[in-house]
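Just so it is clear, the structure is predicted and the values come from calculations on it, not from any experiment.
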Amino acid sequence: MNESVNIEVEVSGIDEATKKAERYVELLKEAKTLADESASIKFEIGTNLS
């Protein structure tokens, strides 16, 4: 015997948590981009001995 049940659930605060998670993802992407750019910079160090 199969019966179906409908359950209504209300979750509060999910929109705010989703926005925070999306912002966190954007910050991680930016951090990765900055790390990749920093890793590709070639530094030259010179000395001038008189």
Side-chain angles (χ1 to χ4, degrees):
M1 187 160 127
N2 292 334
E3 293 183 31
S4 58
V5 176
N6 293 327
I7 299 175
E8 197 170 312
V9 177
E10 184 177 321
V11 179
S12 61
I14 195 75
D15 290 335
E16 184 178 340
T18 301
K19 286 179 186 176
K20 286 182 180 180
E22 288 171 352
R23 178 67 179 138
Y24 182 64
V25 168
E26 290 302 316
L27 288 171
L28 287 174
K29 286 179 184 178
E30 185 177 342
K32 182 186 181 316
T33 299
L34 290 172
D36 290 344
E37 289 175 0
S38 295
S40 67
I41 294 175
K42 293 182 181 178
F43 294 97
E44 285 187 33
I45 300 175
T47 60
N48 186 4
L49 300 174
S50 310

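For I41, the CD1 atom counts as densely surrounded, since its 6.0 Å shell holds more than 12 non-hydrogen atoms of other residues, nucleotides or ligands. Within a 6.0 Å radius of CG in L34, more than 12 heavy atoms belonging to other residues, nucleotides or ligands are found.
In this structure the side chain of K32 never reaches within 4.5 angstrom of the side chain of K29, judged on heavy atoms. Residues V25 and L28 are not in side-chain contact: their nearest non-hydrogen atoms beyond the backbone lie 4.5 Å or more apart.
Taken together through direct or relayed side-chain contacts under 4.5 Å among Ile, Leu, Val, Met, Phe, Trp and Tyr, L49 and I45 form parts of separate hydrophobic clusters.
Considering only residues two or more places apart in sequence or on other chains, K19 meets the salt bridge (Lys or Arg N to Asp or Glu O under 4.0 Å) condition with none of them.
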